[in-house]
Amino acid sequence: MSEEKLPKQSENFSEWYNQLIQRAELADYAPVRGCMVVRPYGWALWENIQKALDKRFKETGHVNAAFPMFIPMSFLEKEKEHVEGFSPELAIVTIGGGQTLEEPLVVRPTSETIIGHMYAKWVKSYRDLPILINQWANVVRWEMRTRMFLRTLEFYWQEGHTAHETAEEAEEETLKILNLYADFAINEAAVPVIPGIKSEAEKFAGANKSYTIEAMMLDTKALQSGTSHNLGQNFAKAFEIQYLDRNNELQYAWTTSWGVSTRFVGAIIMSHGDDQGLILPPRLAPIQIVIVPIFKNDDDREKVMKVVRDLEKDLAQFRVKVDDRDNLTPGFKFNDWEMRGVPLRLELGPRDVDNQTVVVAQRDIPGKSGKLFLPMENLASQLETILNDFHDRLLKKATDFRDSHIFEPNNYVEFQEVVQNGWAYVYWCGDAVCETAIKNETKATTRCRPLGQEKSHGKCIYCGKDAEYKTYFAKAY
RNA sequence: CGGGGUGUAGCGCAGUUGGUUAGCGUACCGCGUUUGGGACGCGGGGGUCGGCGGUUCGAGUCCGCCCACCCCGACCA
């Protein structure tokens, strides 16, 4: 339960974030540095994220499976860029059952290698393709600096791994998933994301191309919220995923991988929250509607609670919670549920019972102005509309915020200015030298080159050479 | 791994030049009154003062070493 007020978001964003997570009981610090315990409320949110994604995966022909958490060290070493990218952050098991292991086992930082190994066994013919497998799993990356949900040593995610007959199919899959992610983010989480392609420097270790959905947090920093990689034949060659094609010729398969993690919980917190606490998107909120009964004496209590229980049944289509804790005042409960981000709160007291009405407070509109006074009749269908409108408002608000913090500076001096409090959308020549220089001088990194951008002509914001595409630059988590 | 900081009740903190029984707010438990925007009274439980060692008649306080965590930098879903 919470006490007192949170730090103000505008004054100390990161402290606001840290405290909110603990106070809202999303997660707590584990006794191991950099690890978190996801508490029931946080996990319920993650479960709703899982459901929304899993449904989309299944609809597009994917199936779930589970691969081991331990990977032989030698597997990691088979793909050169992959091992270079991940070796600094590996947790490695060298002892098992009291015996020194003959070969150290890596705790998976991601599963391309072990899945590649298995695919090599399973794929013999073009008839075995495509393979479209996803797994829900935990992975470990030994990060130096950690933050709740955004970067922890262990995190939970889904990782899809597919193998295809042709380069075109693999690219199509990569983009299909990217769009699936964007659809999820926008329509479930009300997080407006920009789908795009990563620069060479920012792409996944071992990928030919990495795509990303980038979201702007309320402190204007960017958060990579999901990634989809076209791995080309890199892993197929490393693990010998080969098949006989339609002409009876041996070919390497084309593979992809893609993931969304518990980091997305952080994206939700930092996309919608305010000084009062969380604001959860209705379609993912563990509790969509909380009912707070109000009464002064036992007679009123009986009268009110009867209606509340009936109401709870009528609203079975929603995720409803009745706050019947009788040691707390309504005022306290209002603040408590607001901090936890429940989209709608129904206040129901003796007056409402007499009038056959209910007060509906909308979390995203503070104070009395957000309160609706509705008749009980047909309440469920009214609430459905209200929740949909709520989602639309959240999305619009987040989109407006983002768009008002994207700038198109005309020169590098302006660029340096705008990336201090926003994103810059500028021509970039594509040279890693410029990218690195910009990063060193401003802390801003390339986020993505958005999909669907027409080729045009401009000058690189840094070096002034010809450039064909614009790229987003921002400080990022 | 470099720079800075903090470790005292679940959380937030106070604790004087070393001095008796370690304190406050909040949370928690009990009883009663309360309840339409963070209620109140009375009574209670809860601490190896981060760890180890040293100085001292006496250490939360002084000294040394170690550990943990946080913030800032180089890597990252």
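Residue numbering restarts at 1 for every chain, and letters A, B, ... go by the order of the sequence lines.
- The listed nucleotides are B:A74, B:G36, B:A77; the one nearest the side chain of A:I294 is B:G36.
- Between A:D364 and A:I279 the shortest heavy-atom distance is CA-CD1, 4.2 Å.
- Between A:L90 atom CG and B:A77 atom P the separation is 14 Å, expressed in whole Å.
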Would A:Y119 and A:H161 satisfy ring pair (Phe, Tyr, Trp, His ring centres under 6.0 Å), going step by step from the backbone distance to the final call? CA-CA 10 Å; A:Y119 282 9; A:H161 295 271; 7.4 Å; no
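- Across all strands, A:L150 comes closer than 4.0 Å to base atoms (heavy-atom distances).
- Side-chain atoms of A:D336 stay outside donor-acceptor range of the base of B:G38, with no qualifying N/O pair under 3.5 Å.
- A:D352 comes within 4.0 angstrom of a base, heavy atoms only.
- Taking only side-chain nitrogens and oxygens, A:R145 comes nearer than 4.0 Å to OP1 or OP2 of B:C72.
- Rounded to whole Å, the P atom of B:G47 lies 8 Å from the corresponding atom of B:G10.
- A:Q22 places its CD atom 18 Å from the P atom of B:A27, with the value rounded to the nearest Å.
- A salt bridge links A:D336 with A:R325; the closest basic N to acidic carboxylate O contact falls under 4.0 Å.
- Residue A:F332 places its side chain closer to B:G38 than to any other of B:G36, B:A77, B:G38.
- Heavy atoms of A:R345 sit under 4.0 angstrom from at least one base atom.
- One atom, CG of A:D323, and another, P of B:G38, lie 15 Å apart when rounded to the nearest Å.
- For the pair A:E188 and A:R56, the salt-bridge criterion is met [side-chain N within less than 4.0 Å of a carboxylate O].
- Contact check on A:R363 versus A:D274 returns a salt bridge, with a Lys/Arg side-chain nitrogen under 4.0 Å from an Asp/Glu carboxylate oxygen.
- Annotation: of the two residues near RNA chain B, A:K443 and A:E338, the 5′-most nearest-nucleotide partner is A:E338.
- Atoms CE (A:M36) and P (B:C69) sit 16 Å apart, rounded to a whole Å.
- At a threshold of 4.0 angstrom between heavy atoms, the contacts of A:T152 include nucleobase atoms, whether or not backbone atoms are also involved.
- For the P atoms, the distance from B:G25 to B:G43 is 13 Å, rounded to whole Å.
- Using a 4.0 Å heavy-atom criterion, one finds that A:G259 contacts no nucleic acid atom at all.
- Using a 4.0 Å heavy-atom cutoff across all strands shown, A:V139 reaches no nucleic acid atom at all.
- Distance check on atom C1': B:G15 versus B:C49 gives 11 Å, rounded to whole Å.
- With no hydrogens or angles considered, a side-chain donor-acceptor pair links A:E435 and A:S199 at under 3.5 Å.
- Comparing the C1' positions of B:A39 and B:U34 gives an interatomic distance of 7 Å, to the nearest angstrom.
- To the nearest angstrom, P of B:C75 lies 20 Å from NE2 of A:H82.
- With C1' as the reference atom, B:A14 and B:A9 are 14 Å apart, rounded to whole Å.
- In this structure, CZ of A:F295 is placed 14 Å from P of B:A39, rounded to the nearest angstrom.
- Side-chain proximity of A:T329 to the nucleotides B:G36, B:A39, B:A77 is greatest for B:A39.
- Side-chain contact, A:E214 with A:T212: a donor N or O sits under 3.5 Å from an acceptor N or O.
- The ring pair (Phe, Tyr, Trp, His ring centres under 6.0 Å) test with A:F204 singles out one residue from A:F86, A:Y211, A:W258, and that residue is A:F86.
- The nearest whole Å value for the distance from the CD atom in A:Q276 to the C1' atom in B:G37 is 10 Å.
- Between A:D310 and A:K306, at least one side-chain nitrogen of the basic residue sits less than 4.0 Å from a carboxylate oxygen of the acidic one, meeting the salt-bridge criterion.
- A distance cut-off of 5.5 Å between ring centres, combined with a plane angle under 30°, places A:F155 in a stacking arrangement with the base of B:A77.
- Residues A:K198 and A:Q224 bring a donor and an acceptor atom of their side chains to less than 3.5 Å of each other.
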Secondary structure of RNA chain B in dot-bracket form (Watson-Crick or G-U wobble, distances below 3.5 Å, | marking inter-strand pairs): (((((((..((((.....[...)))).((((((.....)))))).....(((((..]....))))))))))))....
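- Side chain of A:T227, nearest nucleotide from B:A77, B:G37, B:G73: B:A77.
- Rounded to a whole angstrom, the distance from the P atom of B:U6 to that of B:C63 is 14 Å.
- If you find the closest nucleotide of RNA chain B to A:N440 and to A:N297, the one lying nearer the 5' end belongs to A:N297.
- Using a 4.0 Å heavy-atom criterion, one finds that A:Q224 contacts the sugar-phosphate atoms exclusively.
- Judged by atom type and distance alone, A:K371 reaches the base of B:G37 through a side-chain donor-acceptor pair under 3.5 Å.
- Here the separation of B:G44 from B:U48, taken at their P atoms, is 22 Å to the nearest Å.
- Taking 4.0 angstrom as the limit, A:K333 places none of its side-chain polar atoms (N or O) nearer than this to OP1 or OP2 of B:A39.
- Distance CZ (A:F13) to P (B:C72): 14 Å, rounded to an integer number of Å.
- Nearest to the side-chain atoms of A:R263 among the listed nucleotides B:G36, B:A74, B:A77 stands B:A77.
- Taking the C1' atoms as reference points, B:U16 lies 40 Å from B:C31, given to the whole Å.
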